[in-house]
Amino acid sequence: MALPWQEASSLMIVSKAPLGEVVGKRLDSIVGAAVGIPSTAKSQTNDCGYKLLMVKRSGRSSYMANAFVFPGGIIEPSDFSSQWWKAFEKVGASRESLISQLCEVKGPRPPMIKAPNTVERFGLDRDHCLPADIAFRIAAIRETFEETGILLVTAVAKTQPTSASFVKQDSLHLNLSQWRKMLRKDPKNFVQLCLESKVCPDVWGLYEWWDWLTPTSVGHRRYDTMFYLCCLDKQPSDVVLNRSEVITLKWGTPLSFLDDFSCSKIFLAPPQVYELSRLMNLMTYQDLFKFASERRDKGVERWMPVLCTTADPDGGMLSLMPGDDMYPQEPDLHGNGSSKDLSATLSELKTQVKNQHHVELQGMLSRVFCNIKPPCGQLQPLTYRNPKPAVQSYL
């Protein structure tokens with residue numbers, strides 16, 4: 001049976017914050033402590049040593065229009081092409097070493113990795129396809145290049161966890177703008193770019209983060225999306241947007257994005273809200289890189305949020321995640337059933353439910369609540385708190 005979703009990859013790009021900016025924030029924190037700012041007000045601050053890149057989707061987009069998202073897009077058959085083995089071999093990476101470094105993960109493997117639907121959907125020869133762990137990383141790098149002009153490639157094979165490598169506009173003596181146009185016409189051109197330039201996608205610099213499946217009741221398009229995270233030692237300066245897909249970009253800390261979302265300056269998709277809430281646990285670039293690299297073989301699970309209404313008279317909803325006591329034992333992945341209605345209000349459920357793992361939605365507000373230990377060594381999201389209204393929901 002054909003699956004009612006497509007597979008996609010998304011890339012959370014992290015770069016070190018400028019030194020002057022970090023020092024300035026730390027001075028502000030010291031001054032705040034000196035004048036006696038209450039600890040509750042300081043518990044969530046923008047004193048963060050890194051920034052993330054998010055792009056705003058076009059208002060003409062058929063999915064999540066005007067949302068700020070991490071770069072990424074749909075998996076293409078060419079991402080599985082056996083031609084990629086030649087590109088890797090040119091930089092000194094053997095097939096065996098790539099499989100050993102990227103595919104032999106000890107933790108859980110989601111269905112999109114074990115049996116990628118893209119391979120079946122396009123009738124690809126499994127015996128000659130790249131493993132999904134490699135192909136999905138290539139897709140994330142290709143889509144990021146198309147949308148932002150940031151090209152994450154390397155001319156040397158890597159043997160240990162490292163920050164990702166990116167090239168500047170003139171470093172390969174190629175017209176990268178022209179190549180981006182060619183990629184939009186045919187994704188197969190990406191492997192030719194790499195073969196001719198004797199580089200390969202820096203798949204080593206991408207760390208598996210999580211797998212999100214669009215809920216059955218959100219929109220007419222659904223995606224099973226693997227999120228990756230990469231760390232850059234410096235922020236790329238020559239970002240050039242693909243205006244047909246994304247219309248602006250923004251570098252910011254996890255908290256600054258949630259702050260902007262809480263006062264309606266930006267629109268964030270639910271997975272982004274959740275992942276930004278997770279990242280608030282880590283305040284330095286070094287800590288985030290260490291966490292991502294050390295977690296690389298612990299695997300991921302596929303999560304599909306399940307939406308249900310509550311008995312609040314002014315409206316209320318929960319977006320349930322696996323591990324919540326109310327999450328169904330066998331979720332309806334294909335959307336054949338009806339949505340679930342709860343007989344309790346949001347405030348009542350706080351005392352009735354022991355294990356909580358959900359996003360609480362009421363009116364235009366939403367917040368993540370999680371009191372369980374996440375699987376696969378992942379971070380437990382922090383509940384966003386701000387003197388202003390909490391995170392706005394666009395579900």
Side-chain angles (χ1 to χ4, degrees), residues 1-12 54-81 84 109-126 129-148 183-191 201 203 206 208-228 242 244-246 268-272 274-275 300-307 319 331-336 394-395:
M1 181 176 65
L3 297 177
W5 59 74
Q6 293 178 275
E7 292 169 332
S9 287
S10 187
L11 186 56
M12 302 162 65
M54 301 192 79
V55 294
K56 184 179 181 181
R57 294 181 63 83
S58 168
R60 295 174 294 178
S61 175
S62 59
Y63 182 77
M64 289 295 174
N66 294 312
F68 271 83
V69 299
F70 302 117
I74 295 172
I75 309 297
E76 297 286 352
S78 60
D79 299 323
F80 287 90
S81 172
W84 284 111
R109 310 312 294 136
M112 70 185 302
I113 294 293
K114 293 190 291 186
N117 182 51
T118 303
V119 172
E120 181 178 349
R121 180 184 170 204
F122 289 95
L124 305 181
D125 186 348
R126 292 181 180 273
C129 284
L130 263 65
D133 283 301
I134 300 174
F136 290 172
R137 283 174 167 86
I138 291 174
I141 292 170
R142 173 182 53 76
E143 286 286 340
T144 296
F145 176 48
E146 287 187 41
E147 291 183 351
T148 69
L183 257 63
R184 288 197 291 273
K185 291 180 180 179
D186 191 345
K188 293 179 183 177
N189 288 323
F190 189 33
V191 69
V203 291
L206 271 61
E208 196 175 71
W209 191 257
W210 210 246
D211 178 5
W212 288 92
L213 177 61
T214 309
T216 57
S217 53
V218 177
H220 64 286
R221 291 188 178 185
R222 299 179 64 202
Y223 299 94
D224 190 1
T225 306
M226 181 64 76
F227 280 53
Y228 294 97
N242 170 11
S244 65
E245 298 182 33
V246 295
L268 290 174
Q272 274 73 15
Y274 188 96
E275 296 302 355
V300 303
E301 295 180 354
R302 181 177 69 188
W303 282 355
M304 185 194 76
V306 172
L307 301 179
S319 179
D332 176 19
L333 297 177
H334 296 270
N336 298 322
Y394 288 83
L395 283 177

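Quantities reported herein were computed from a predicted structural model and do not represent experimental measurements. Only heavy atoms go into these numbers, but all of them, side chains included; no hydrogens, no water, no symmetry mates.
- Atom-to-atom distance recorded for R126:CZ and L124:CG is 9.0 Å, nearest 0.5 angstrom.
- To the nearest 0.5 Å, atom CE of residue M12 and atom CD of residue Q272 are 8.5 Å apart.
- Of the candidates M226, E301, R109, D211 forms a side-chain contact (heavy atoms from CB on, under 4.5 Å) with just one, namely M226.
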Pair F70, T144 - check side-chain contact (heavy atoms from CB on, under 4.5 Å), show working. CA-CA 9 Å; F70 302 117; T144 296; over 6 Å; no
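- R142 pairs by the salt bridge (charged side-chain N to carboxylate O under 4.0 Å, His left out) definition with D79, E146, not counting sequence neighbours.
- Counting heavy atoms from C-beta outward, L3 and E120 have side chains that stay 4.5 Å or more apart.
- Between T214 and R221, every side-chain heavy-atom pair lies at or beyond the 4.5 Å cut-off.
- You'll find the side chain of Y228 reaches within 4.5 Å of the side chain of R137, heavy atoms only.
- The shortest side-chain heavy-atom distance between D133 and E208 falls under the 4.5 Å cut-off.
- For R302, the salt bridge (charged side-chain N to carboxylate O under 4.0 Å, His left out) partners are D224, not counting sequence neighbours.
- Considering all non-hydrogen atoms of both residues, I138 and L130 come closest at CD1-CD2, 3.6 Å.
- Side chains of P201 and F190 form a contact here, defined as non-hydrogen atoms less than 4.5 Å apart.
- Listed by chain and number, the residues in a side chain to side chain donor-acceptor pair (under 3.5 Å) with E7 are T118 (sequence neighbours excluded).
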Kindly determine whether Y274 and W212 satisfy side-chain contact (heavy atoms from CB on, under 4.5 Å), including the steps that lead there. CA-CA 11 Å; Y274 188 96; W212 288 92; 3.5 Å; yes
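- For the residue pair W209/E275, the side-chain donor-acceptor check at 3.5 Å is satisfied.
- For A139 against I75, the heavy-atom pair with the smallest separation is CB-CD1, 3.5 Å.
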